[in-house]
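We name chains A, B, ... by the order of the sequence lines, and we start the count at 1 in each one.
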Amino acid sequence: MYRRIKGTKDILPGEIYQWQHVEKIISERLERNNYQEIRTPLFEVTELFIRGVGPDTDVVSKEMYTFPDKGNTSLTLRPELTAPVVRAFIQNNLSQISPVTKLYYFGPLFRQERPQKGRLRQFTQFGFEIIGSEHPEADAEVIQTIYDIYKELGINDLSVRINSIGSLDSRNHYLRILKSTLKPHINDFCNTCQERIEKNILRLFDCKVESCQHILDRHAPSILDHLDTEDAQHFEEVKSLLDAAYVPYEVDNKLVRGLDYYTRTTFEITSSLLGAQDAICGGGRYDHLIEDLGGVPTPAVGVASGMERLLMILNESQAIPEKEINLIYMAVLGNNARQVAFNIATTLRSRGLRVELDFLRRSLRAQMRDAGKKQARWVVIIGEDEIHKDKILLKNMTTGEQKEIQLSQAADQIEATII
RNA sequence: GUGGGUGUAGCUCAGGUGGUAGAGCGACAGGUUGUGGCCCUGUUGGCCGCGGGUUCAAGUCCCGUCACUCACCCCA
């Protein structure tokens with residue numbers, strides 16, 4: 001028996017409605033905020049991710065599905081979507097259409113990690129980006145919008161954490177200070193942290209080893225105390241805009257993110273309903289990415305949210321309404337009736353109604369049971385008796401009432417009755 | 001890559017100290033010569049993850065292996 005690949009999922013008919021429901025609310029909401037959808041290929045040249053996300057990040061250095069094509073070009077199944085979207089933005093000169101571009105997307109991503117609760121090798125994200133504004137109102141709109149989408153979906157207990165990791169200059173200045181303050185304590189850190197001090201010191205804050213956090217708490221200066229005037233001003237404005245939009249948040253000066261392109265604002269939203277992987281979305285500002293990928297320098301900010309995790313939360317809190325179907329089930333007895341039924345079904349379907357026909361030539365009793373199981377609201381019964389009388393029966397499955405209808409006007413009468 | 005947990009029917013799970021498998025739900029059919037849900041009856045359905053070992057005898061004990069899952073790491 002063939003099995004699905006580790007870390008992938010089949011979305012079965014019984015759960016597909018949840019996806020459709022959630023996708024609909026999200027895209028309607030984003031369209032209302034005047035974002036436009038963009039779809040990019042599932043794979044890109046490997047270099048794009050190395051350049052965009054950063055060669056030392058975990059995502060790039062150990063989680064990518066990378067393979068050579070027949071021309072020996074190294075390709076990679078996209079592990080994130082910001083770099084591809086930016087690539088498309090640059091390649092298609094979208095900046096020429098308007099100075100500010102608002103894009104949203106939706107699709108599968110691939111990372112070869114060990115699967116666990118809330119973490120798959122193929123997973124789905126939706127996200128959106130505002131490209132072309134350096135101002136705090138863009139940061140605030142992204143955070144406010146994603147927060148509103150969750151609220152609209154019926155999620156309440158979320159916690160929003162925000163931070164600023166500064167622009168490049170002030171961050172580099174801070175990193176020098178951080179490094180020199182921590183150097184004397186280097187032997188007290190865990191092994192990975194000791195490596196990180198040299199390679200990517202900011203990531204120390206991600207470490208979950210208690211003793212490491214202890215040292216940081218006691219000795220590490222806060223990045224927020226080392227922002228330059230403009231960065232600090234920017235961060236203040238983001239916060240007051242969030243206040244103005246009634247978005248609750250807390251400042252977390254240890255929130256750094258695992259992708260190298262972030263500048264200034266970073267944020268994350270978590271839910272207690274998830275497992276150890278509790279982030280439902282993450283994002284921030286990336287003012288140098290477009291330039292790094294070969295475009296003209298353009299500031300931008302965006303967010304990406306995990307669909308599977310979102311659905312976990314929604315199921316946990318039973319926030320997805322039942323699917324409503326208005327099914328007409330045609331119960332048929334005998335060969336003559338079958339043709340008549342097929343004809344009526346075709347007409348009803350062409351008028352936009354949902355119609356099911358029995359394919360097993362079963363007894364009426366079995367067909368009725370089937371109709372009940374499928375939650376049909378109406379059953380049309382056509383048998384030899386009805387054919388002889390030029391009539392059909394229409395039964396209301398909710399009330400149990402049924403009435404005879406003239407065969408010649410069957411479709412019209414059915415349509416009129418059930419709407 | 002490292003650790004823990006779990007693999008028995010389509011699904012959820014029982015199966016003290018070894019004696020070649022059970023329940024509930026589901027599916028199908030009948031109880032009603034042409035009427036669903038509730039109820040009753042019956043039928044269907046299992047290389048007990050796989051391989052090896054111990055034993056007269058292994059779902060049960062031992063070894064190995066694979067899969068799933070949770071956690072670390074990292075992130076959505």
Exercise for the section: Please identify each residue that fulfils side-chain contact (heavy atoms from CB on, under 4.5 Å) with Thr399(A), with sequence neighbours left out. Expected result: Asn396(A), Glu401(A)
Exercise for the section: With the side chain counted from C-beta on, respond yes when Glu384(A) and Asn336(A) share a heavy-atom pair under 4.5 Å apart, and no when they do not. Expected result: yes
Exercise for the section: Could you measure between the two C1' atoms, the one in A29(B) and the one in C68(B), and give it in whole Å? Expected result: 36 Å
Handout entry: Nearest-nucleotide comparison on RNA chain B, the residue closer to the 5′ end among Gly282(A) and Lys62(A)
Key = Lys62(A)
Fill in the blank from the handout: From the list Gln367(A), Arg338(A), Met330(A), side chain to side chain contact (heavy atoms under 4.5 Å, CB included) with Leu357(A) holds only for Met330(A)
Practice task
Would you mind classifying the nucleic acid contact of Arg114(A) as base, sugar-phosphate or nothing, using non-hydrogen atoms under 4.0 angstrom?
Solution key: base
Problem - Residue pair Ile387(A) / Ala337(A): nearest heavy atoms and the distance that separates them - result: CD1-CA, 3.9 Å
Handout entry: Euclidean distance, Ile177(A) CD1 relative to Asn172(A) CG, rounded to 0.5 Å
Key = 11.5 Å
Exercise for the section: Pick base, sugar-phosphate or nothing for Leu109(A), based on heavy-atom distances below 4.0 Å to the nucleic acid. Expected result: nothing
Practice task
Please state whether the rings of Tyr262(A) and Tyr286(A) are parallel, tilted or perpendicular, taking 30° and 60° as the class boundaries.
Solution key: perpendicular
Practice task
Using heavy atoms and a sub-4.0 Å distance, could you list which residues of residues 299-311 of chain A are near RNA chain B? By number, please.
Solution key: Ala304(A), Gly306(A), Arg309(A)
Problem - Per-nucleotide protein contact string for nucleotides 24-33 of chain B (B base, S sugar-phosphate only, - none; heavy atom under 4.0 Å) - result: ---SSSBBB-
Practice task
Using the C1' atom on both, measure U17(B) against C61(B) and round to a whole Å.
Solution key: 12 Å
Handout entry: Given Ile38(A), Ile90(A), Thr101(A), the one that forms side chain to side chain contact (heavy atoms under 4.5 Å, CB included) with Val85(A)
Key = Ile38(A)
Exercise for the section: Using the P atom on both, measure G5(B) against A21(B) and round to a whole Å. Expected result: 29 Å
Exercise for the section: Looking at every strand, decide which applies to Gly127(A) at a 4.0 Å heavy-atom threshold: base, sugar-phosphate, or nothing. Expected result: nothing
Completion exercise
Between Asn396(A) and Arg121(A), whichever has its closest RNA chain B nucleotide further toward 5' is Asn396(A)
Practice task
Tell me what Lys6(A) touches on the nucleic acid: a base, only sugar-phosphate, or nothing, going by heavy atoms under 4.0 Å.
Solution key: sugar-phosphate
Practice task
In whole angstrom, give me the gap between the P atoms of U35(B) and G22(B).
Solution key: 37 Å
Exercise for the section: State, yes or no, whether a side-chain contact exists between Leu353(A) and Ile418(A) at a heavy-atom distance under 4.5 Å. Expected result: yes
Exercise for the section: Could you give the distance separating G51(B) and G59(B) at their C1' atoms, to the nearest angstrom? Expected result: 16 Å
Practice task
Provide the distance between the two C1' atoms, one in G49(B) and one in A67(B), to the nearest whole Å.
Solution key: 7 Å
Practice task
Mind telling me whether His173(A) and His226(A) have parallel, tilted or perpendicular rings, with 30° and 60° as the class edges?
Solution key: tilted
Exercise for the section: Taking only the side-chain nitrogens and oxygens of Gln116(A), find out if one of them lies under 4.0 Å from OP1 or OP2 of C72(B). Expected result: yes
Practice task
Among residues two or more places apart or on two chains, list those pairs meeting side chain to side chain donor-acceptor pair (under 3.5 Å) that have a residue in residues 37-52 of chain A.
Solution key: Glu37(A)-Arg39(A), Thr40(A)-Arg78(A), Glu44(A)-Arg87(A), Thr46(A)-Ser74(A), Thr46(A)-Thr76(A)
Practice task
Check Ala300(A) against Ile290(A) and note the closest heavy-atom contact, atom names and distance.
Solution key: CB-CD1, 4.0 Å
Exercise for the section: Could you run through RNA chain B and flag its stems, i.e. three or more consecutive Watson-Crick or G-U pairs with both distances under 3.5 Å? Expected result: B:1-7 with B:66-72, B:10-13 with B:22-25, B:27-31 with B:39-43, B:49-53 with B:61-65
Completion exercise
With the side chain defined as heavy atoms from C-beta on, Lys117(A) is closest, among G34(B), U35(B), C70(B), to C70(B)
Exercise for the section: With the side chain counted from C-beta on, respond yes when Phe67(A) and Phe43(A) share a heavy-atom pair under 4.5 Å apart, and no when they do not. Expected result: yes
Exercise for the section: Determine the Euclidean distance between corresponding P atoms of C13(B) and G36(B); express it in Å to zero decimal places. Expected result: 34 Å
Practice task
State, to 0.1 Å, how close Gly52(A) and Tyr261(A) come at their nearest heavy-atom pair, and which atoms those are.
Solution key: O-CD2, 3.1 Å
Handout entry: Any residue of residues 261-279 of chain A with a heavy atom less than 4.0 Å from an atom of RNA chain B
Key = Gly275(A), Ala276(A), Gln277(A), Ala279(A)
Practice task
Considering only atom C1', compute the distance from C75(B) to U12(B) and round it to an integer number of Å.
Solution key: 32 Å
Exercise for the section: Under 4.0 Å between any heavy atoms, over every strand shown, what does Gln402(A) touch: base, sugar-phosphate, or nothing? Just pick one. Expected result: base
Practice task
Would you indicate whether Glu23(A), at its atom CD, is surrounded by more than 12 heavy atoms from other residues, nucleotides or ligands within a distance under 6.0 Å?
Solution key: yes
Practice task
Report which part of the nucleic acid Glu386(A) touches: base, sugar-phosphate, or nothing (heavy-atom distance under 4.0 Å, all strands).
Solution key: base
Problem - Donor-acceptor pair, side chain of His234(A) and main chain of Glu134(A), under 3.5 angstrom - result: yes
